[in-house]
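Shown next, in structure tokens, is the structure this report addresses.
Keep in mind that this is a model prediction, so the values were computed, not measured. Lettering follows sequence order; numbering is per chain, from 1.
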2 protein chains.
Amino acid sequence: MTTPNDPGIDPLSIDFRTLRLLERVHSLRSFTRAADELGLTQSAVSYAIDKLRHVFGDPLFARQGRSIHPTARCDKIVEDTRHLIASYRQMAHPPAFDPATASGTFSIACNYYERALWLPGIVHALRARAPGITLNIVDAGGTGPQRLLDGEADLLIGPIDRDGPLLHSRPLYEETYACVMDPAHPAAREPLSLATYLHLDHVLVTYGGRWTSRYITVLAEMGHDLRVALRVPSPAGLESLVAGSDLVGTVPHRLSRVLGQSIHITACPVPTSITIHTAWTALNHRSAQHIWLRTLIHTLITQSA
Amino acid sequence: MTTPNDPGIDPLSIDFRTLRLLERVHSLRSFTRAADELGLTQSAVSYAIDKLRHVFGDPLFARQGRSIHPTARCDKIVEDTRHLIASYRQMAHPPAFDPATASGTFSIACNYYERALWLPGIVHALRARAPGITLNIVDAGGTGPQRLLDGEADLLIGPIDRDGPLLHSRPLYEETYACVMDPAHPAAREPLSLATYLHLDHVLVTYGGRWTSRYITVLAEMGHDLRVALRVPSPAGLESLVAGSDLVGTVPHRLSRVLGQSIHITACPVPTSITIHTAWTALNHRSAQHIWLRTLIHTLITQSA
DNA sequence: ACAATCCATCAAAAAATTCGATGCTATATA
DNA sequence: TATATAGCATCGAATTTTTTGATGGATTGT
């Protein structure tokens with residue numbers, strides 16, 4: 001019938017369906033009934049058992065007149081098989097992510113703007129709902145997507161222009177620019193026109209690296225150039241720079257509102273806006289933890305934005 | 001790409017070759033190199049991974065420019081997979097039978113003849129080589145194969161005429177019949193002719209049930225009938241029945257030699273012989289323990305027969 | 001004896017896998 | 001900046017595996 005260690009068949013070519021079939025035949029003591037239960041023909045069951053017979057080098061079942069009797073080896077194989085299938089099922093079924101008991105680290109790349117506006121809310125929610133997760137904030141710098149691709153961050157929050165390759169993203173809200181200045185500034189008396197804006201002396205927030213703010217790009221496309229008196233890498237402390245000076249700063253509108261009470265805020269006359277997104281890579285796209293966290297963050301931000 | 005819990009594909013349809021493929025891709029960080037190693041094309045590997053992606057609802061690997069990076073879920077799956085494959089391999093590989101440490105029960109069906117001749121040797125060898133195995137001797141009765149088919153015995157030793165269905169057997173040796181009588185018996189003076197044999201008064205061993213000894217069958221076919229003065233169910237004590245009487249007993253030749261010194265033994269004139277076999281069912285045909293035991297018994301008996 | 005049950009087997013059909021070739025994207029190089 | 005290269009995805013064709021439906025052989029129960 002079969003020789004032990006039959007070289008003609010690779011034991012690894014057995015799949016879990018075939019193992020389940022073996023288990024059912026063993027339990028039901030019948031090829032025919034197992035076939036019915038599994039929605040197959042008796043013939044297919046016979047074929048599958050025959051394959052298993054070659055793989056295990058054992059007859060597995062011997063006919064005893066009208067019924068079949070498993071061999072001792074078959075009993076043992078079936079017992080092992082039950083554990084094997086259970087393990088595999090557990091492996092194939094992703095355990096539902098439970099924030100309350102979850103542990104791990106989650107890295108967010110963003111810049112001063114997002115940290116100032118949204119980080120407190122995120123941290124607060126996370127401590128309450130998923131206290132086991134360590135939050136790691138890295139500076140997005142001028143090139144946010146690179147943080148994701150390099151594996152330094154799991155989620156990027158910021159203005160994404162291109163929906164580049166390998167990058168999933170979801171828009172949060174649209175942001176406009178605002179100008180901040182000393183309340184005593186002459187230009188603070190009425191809404192700012194583009195002409196006036198271009199004649200003022202500016203404090204420019206460069207955001208460190210090679211990033212160029214959208215309003216600068218738009219101005220350049222219009223053929224205009226900003227009179228820059230001071231360049232700073234971050235909006236932090238911008239309030240004290242414009243207070244008591246004639247300098248004007250341009251920052252996202254929502255940010256201007258948290259810079260301090262002592263400054264005058266008015267709409268920026270450059271006709272453009274940016275859209276803030278969350279973004280991540282394919283690596284995390286299906287991760288239960290990541291889905292939960294990015295959804296949480298998306299909800300928090302869009303609800304208060 | 002893929003939706004979690006994709007209903008279109010049965011997770012159980014994954015086989016162990018595919019899991020090994022996943023493991024290799026994960027280790028080598030390359031579809032192409034895994035394909036080379038497994039003797040497949042990159043295309044086949046891509047197909048297999050795609051199937052796994054649907055089953056697990058996870059991209060498993062994300063392209064990072066020129067190379068690939070596994071997802072966290074993939075790492076975990078691969079780790080589980082290694083255990084799964086190891087367990088399966090152990091299950092598929094029949095553990096070599098080690099007599100010295102083996103335990104269990106082994107049932108032999110046979111009759112007085114085999115017990116008297118061979119059981120001491122079998123017991124002796126088994127105690128020495130496989131002390132953990134319990135030997136269980138059951139009477140074969142008139143219908144030996146039935147003991148096997150009923151599961152009452154693992155091995156039958158005895159004269160098998162038919163190589164019936166579901167029954168494996170291996171011949172041990174050929175046995176002839178001998179006549180035993182009192183040394184003072186008139187017929188003991190010269191070789192026994194068939195004519196003389198038929199005129200003697202016999203003690204017939206019936207072996208209990210419905211069994212008919214071969215020499216009886218042959219005599220009947222020849223149209224002869226035996227003059228039976230006494231019927232006994234077993235050859236045990238036959239010596240004392242023929243000693244000091246005019247009765248003649250017919251038993252297998254080897255058995256006659258262990259009945260006692262005080263009797264005369266001569267060849268039985270009925271022209272026939274029987275062949276002693278070991279026999280077993282398909283249930284035990286591939287069992288390592290059974291193969292070892294029946295080979296041991298076969299060797300013991302043929303070496304001293 | 002006779003019908004019924006049940007697994008084995010065979011040829012044909014259906015499904016899954018593999019191959020070879022090509023496409024597409026992201027580096028690396030000139 | 002353009003080009004070459006490496007590497008996975010995808011497509012149709014070829015191959016292999018699985019399933020089916022029909023049939024055979026053996027055993028049991030009536």
Side-chain angles (χ1 to χ4, degrees), chain A residues 1-2 8-10 12-18 20-22 24-26 28-36 38-55 59-70 145-146 148-150 162-167 281-283, chain B residues 1-2 8-10 12-18 21-22 24-26 28-36 38-55 59-70 145-146 149-150 162-167 281-283:
Chain A
M1 181 192 299
T2 66
I9 188 158
D10 180 3
L12 294 181
S13 72
I14 296 297
D15 63 18
F16 289 94
R17 278 173 63 249
T18 306
R20 178 185 53 178
L21 181 149
L22 172 67
R24 294 320 295 145
V25 168
H26 184 270
L28 296 170
R29 290 286 191 278
S30 162
F31 286 32
T32 307
R33 284 196 294 280
D36 289 345
L38 296 170
L40 291 172
T41 60
Q42 170 267 317
S43 181
V45 172
S46 195
Y47 173 86
I49 294 291
D50 193 56
K51 192 174 162 185
L52 289 167
R53 282 172 167 154
H54 283 270
V55 165
L60 301 176
F61 300 97
R63 297 188 66 158
Q64 191 115 344
R66 162 159 308 185
S67 67
I68 56 176
H69 270 252
Q146 201 56 44
L148 294 176
L149 297 176
D150 291 349
R162 50 158 197 177
D163 189 58
L166 291 179
L167 220 58
T281 65
L283 218 53
Chain B
M1 180 192 298
T2 65
I9 188 159
D10 180 3
L12 294 181
S13 72
I14 296 298
D15 64 18
F16 289 94
R17 278 173 65 249
T18 306
L21 180 148
L22 172 68
R24 294 320 295 145
V25 169
H26 184 270
L28 296 171
R29 290 286 190 280
S30 162
F31 286 32
T32 308
R33 283 196 294 280
D36 289 344
L38 297 170
L40 291 171
T41 59
Q42 170 267 319
S43 178
V45 171
S46 195
Y47 173 86
I49 294 291
D50 192 57
K51 191 173 162 186
L52 289 166
R53 283 174 166 153
H54 284 271
V55 165
L60 300 175
F61 300 97
R63 297 188 66 159
Q64 193 114 340
R66 164 158 308 185
S67 65
I68 55 175
H69 271 251
Q146 201 55 44
L149 298 176
D150 291 350
R162 48 156 198 178
D163 190 58
L166 292 180
L167 221 56
T281 66
L283 216 53

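- The separation between D36(A) atom CG and dC6(C) atom P is 10 Å, rounded to whole Å.
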- Item | Base-contact (B) and sugar-phosphate-only (S) positions in nucleotides 5-11 of chain D, heavy-atom cut-off under 4.0 Å, - elsewhere | BSBBBBB
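- In this entry the distance linking CZ of R17(A) with P of dA16(C) reads 9 Å, nearest Å.
- Taking atom CD1 on I14(A) and atom P on dT18(D), their separation rounds to 8 Å, with Å as the unit.
- Put simply, CG on D15(A) is 19 Å from P on dT16(D), counting in whole angstrom units.
- Considering only residues two or more places apart in sequence or on other chains, F61(B) meets the ring-ring contact (aromatic ring centres under 6.0 Å, His included) condition with none of them.
- For the pair P145(A) and L167(A), the tightest heavy-atom approach, listed with the atom from each and the gap, is CB-CD2, 3.9 Å.
- Whole-Å rounding puts the D10(A) CG to dT17(C) P distance at 15 Å.
- One can place CD of Q64(A) at 16 Å from C1' of dT5(C), the figure rounded to the nearest angstrom.
- Listed by chain and number, the residues in a ring-ring contact (aromatic ring centres under 6.0 Å, His included) with F16(A) are Y88(A), F16(B) (sequence neighbours excluded).
- We find that CG of L60(A) is positioned 14 Å from P of dC7(C), with the value rounded to whole Å.
- What you find for L38(A) and R24(A) is that their closest heavy atoms are CD2-CG, 4.2 Å.
- Backbone-only engagement by A44(B) is indicated by non-hydrogen atom pairs under 4.0 Å involving sugar-phosphate atoms exclusively.
- The distance from the CD1 atom of I49(B) to the CG atom of L21(B) is 5.5 Å, given to the nearest 0.5 Å.
- Between K51(A) and dT18(D), a side-chain N or O to OP1/OP2 separation shorter than 4.0 Å is present.
- In terms of heavy-atom proximity, H26(A) sits nearest to P70(A) at CD2-CB, 3.6 Å.
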